[in-house]
Visitor: 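Can you keep this structure in mind? I'll have questions shortly.
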Amino acid sequence: DAICKDIALKQFGPKAGPLVFKAWQSLERAHAILSNNCTWPPLQWPIWYSGKGYIPTPEEFAKNGVGLGLKPKQAGPITYNPPSLAAQLQGVSDAWRQAYPHYADAVDYMNRALAKADDKPLFYRYWWSGEGSPSRKEHIRRQQIYMQSIGLMGREIGIHFGLQAICEQSKGDPEKYRREASALLAEDIKACKAVADYFELLRNAKDLRYDHGFVEKYRKKASGIEKHLGS
């Protein structure tokens, strides 16, 4: 903590630095939760997550689901990757749900840091592209974008894994799945739209370095779930 706080103060100054450090601590808490449930690397992480490309129904899970995760492994008092597939899926779902408030806290701290940051250059001279490095304020803004985008996408990933856990528990029975998953499916619609809205803002502001079609994919998924619930 002492070293990271010193780095934050050096990078962002005495006003913004402490808030950036608090954001980093919140991010670390989120990642500590997620690391205990890393059963499908890398499919449970945003860039590699395939669930953004299909609606969460028993038929689609049968074709596109993540399949079996890693085998159980004991490490001290913790057993990683429980033997039950439903428990593994639910573990990933619970982890993202528990991590999300920490991402939200990190974003809040970064926004507060942004309000206190100045436009001085960082203490090192060049950015990875070889160009001049962003200012303190721009650097904070980019970190805030990372934290918010990962938090929003991760929240939807957790819901999706939770839905597959319900599907596994219901043995793929469509009617039983619909009854037990309806509330979570409605939550998934909102989560998909939140991701699409945020990435549309990034795209319109030209802050999206690579456009992976997230806006269209998440809007299509939300629409597909709405049709499924209405059918």
Side-chain angles (χ1 to χ4, degrees), residues 30 33-73 79-101 103-104 149-200 211-231:
I33 293 167
L34 294 170
S35 69
N36 287 338
N37 293 275
C38 187
T39 309
W40 281 275
L43 292 177
Q44 67 190 81
W45 309 120
I47 294 299
W48 298 275
Y49 164 61
S50 61
K52 56 182 162 294
Y54 63 93
I55 61 173
T57 63
E59 297 79 12
E60 291 297 320
F61 282 134
K63 291 188 294 184
N64 302 301
V66 292
L68 298 176
L70 298 175
K71 294 180 180 179
K73 184 176 179 62
T79 300
Y80 295 93
N81 316 315
S84 162
L85 177 58
Q88 290 179 358
L89 293 162
Q90 191 61 48
V92 173
S93 180
D94 292 344
W96 275 113
R97 189 176 291 277
Q98 293 163 15
Y100 179 74
Y103 279 105
S149 61
I150 297 297
L152 288 172
M153 294 178 79
R155 182 175 62 173
E156 198 281 323
I157 292 171
I159 293 170
H160 185 94
F161 272 77
L163 287 165
Q164 188 165 350
I166 294 173
C167 182
E168 178 68 17
Q169 291 167 339
S170 64
K171 307 299 182 185
D173 182 293
E175 292 305 317
K176 185 177 181 182
Y177 173 78
R178 182 191 294 271
R179 288 195 305 270
E180 296 183 1
S182 59
L184 198 56
L185 286 165
E187 189 178 344
D188 201 7
I189 292 169
K190 294 179 181 179
C192 286
K193 289 181 178 179
V195 175
D197 289 347
Y198 186 64
F199 274 89
E200 193 158 34
D211 190 338
H212 296 281
F214 288 157
V215 175
E216 292 74 20
K217 287 177 181 177
Y218 281 98
R219 292 213 189 285
K220 183 178 180 180
K221 182 175 181 179
S223 177
I225 298 172
E226 287 174 331
K227 291 178 181 177
H228 172 71
L229 286 176
S231 63

Visitor: Can you tell me how far apart CG (L163) and CD1 (I55) are? Round to the nearest 0.5 Å.
Guide: 11.0 Å

Visitor: For the atom pair CG (L43) and CH2 (W48), what is the distance rounded to the nearest 0.5 Å?
Guide: 10.0 Å

Visitor: Say whether, by atom type as modelled, one donor and one acceptor occur between the side chain of K52 and the main chain of P46 under 3.5 angstrom.
Guide: yes

Visitor: Is the shortest side-chain heavy-atom distance between E60 and K63 below 4.5 Å?
Guide: yes

Visitor: Hey, what do you get for CG (L89) to CD (Q169), rounding to the nearest 0.5 Å?
Guide: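 Result: 9.0 Å between the selected atoms.
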
Visitor: Give me the atom names and distance for the closest heavy-atom approach of I225 to L185.
Guide: CG2-O, 3.7 Å

Visitor: Centres of the Y49 and H160 rings: under 6.0 Å?
Guide: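 Yes: the rings meet the under 6.0 Å criterion.
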
Visitor: If I take atom CD1 from residue I33 and atom OH from residue Y103, how far apart are they, to the nearest 0.5 angstrom?
Guide: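 With rounding to 0.5 Å, CD1 (I33) is 9.5 Å from OH (Y103).
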
Visitor: Do you know which two heavy atoms are closest between A186 and L229, and how far apart they sit?
Guide: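 A186 and L229 have their closest heavy atoms at N-CD1, 4.2 Å.
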
Visitor: When rounded to the nearest 0.5 angstrom, what is the spacing between NZ in K217 and SG in C192?
Guide: 13.0 Å

Visitor: Looking at the rings of W45 and W96, which for Trp means the six-membered one, are their centres under 6.0 Å apart?
Guide: yes

Visitor: Can you confirm whether the side chains of Q98 and D94 place a donor and an acceptor under 3.5 Å from each other?
Guide: no

Visitor: Say you draw a straight line from OG of S149 to CZ of F199; how long is it, rounded to the nearest 0.5 Å?
Guide: 4.5 Å

Visitor: Please name the pair of heavy atoms, one in I159 and one in A191, separated by the smallest distance, quoted to 0.1 Å.
Guide: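 Here I159 and A191 meet closest at CD1-CB, 3.7 Å.
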
Visitor: A side-chain contact here means heavy atoms from C-beta on lying under 4.5 Å apart; do P41 and C38 qualify?
Guide: yes

Visitor: Hey, does the side chain of Q44 reach the backbone of W40 with a donor-acceptor pair shorter than 3.5 angstrom?
Guide: yes

Visitor: Search all heavy atoms of V215 against all heavy atoms of E200 and return the closest pair with its distance.
Guide: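 Shortest heavy-atom separation between V215 and E200 comes out as CG2-N, 3.5 Å.
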
Visitor: So which heavy atom on V66 is nearest to which on F161, and how close?
Guide: CG1-CZ, 3.9 Å

Visitor: Which is it for E168 and Q90 under the side-chain contact (heavy atoms from CB on, under 4.5 Å) test, yes or no, and what are the steps along the way?
Guide: CA-CA 10 Å; E168 178 68 17; Q90 191 61 48; over 6 Å; no

Visitor: Between Q88 and P82 (side chain of the first, backbone of the second, donor and acceptor by atom type, cut-off under 3.5 Å), is there such a pair?
Guide: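 A pair under 3.5 Å: yes.
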
Visitor: Can you see which heavy atom on N37 is nearest to which on A95, and at what distance?
Guide: ND2-CB, 3.6 Å

Visitor: Within the structure provided, determine whether Y177 and P56 are in side-chain contact (heavy-atom separation under 4.5 Å).
Guide: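 Yes, close enough: below the 4.5 Å cut-off.
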
Visitor: Please evaluate residues D197 and R219 with respect to the criterion salt bridge (charged side-chain N to carboxylate O under 4.0 Å, His left out), reporting the C-alpha separation (whole Å), side-chain torsions for both, the decisive distance (0.1 Å), and the verdict.
Guide: CA-CA 9 Å; D197 289 347; R219 292 213 189 285; 2.8 Å; yes

Visitor: Evaluate the side-chain proximity of Y218 to M153: yes if any heavy-atom separation is below 4.5 Å, no if none is.
Guide: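 Touching, per the 4.5 Å side-chain cut-off.
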
Visitor: I want to check something: taking the side chain as every heavy atom from C-beta on, are Y80 and T39 in contact at a cut-off of under 4.5 Å?
Guide: no

Visitor: Under 3.5 Å, is there a donor-acceptor pair between the side chain of N81 and the main chain of K71?
Guide: yes

Visitor: Which label fits F61 and Y54: parallel for a plane angle under 30°, tilted from 30 to 60°, or perpendicular past 60°?
Guide: perpendicular

Visitor: Which residue in the set E216, K193, E156 passes side chain to side chain contact (heavy atoms under 4.5 Å, CB included) when paired with K221?
Guide: E156

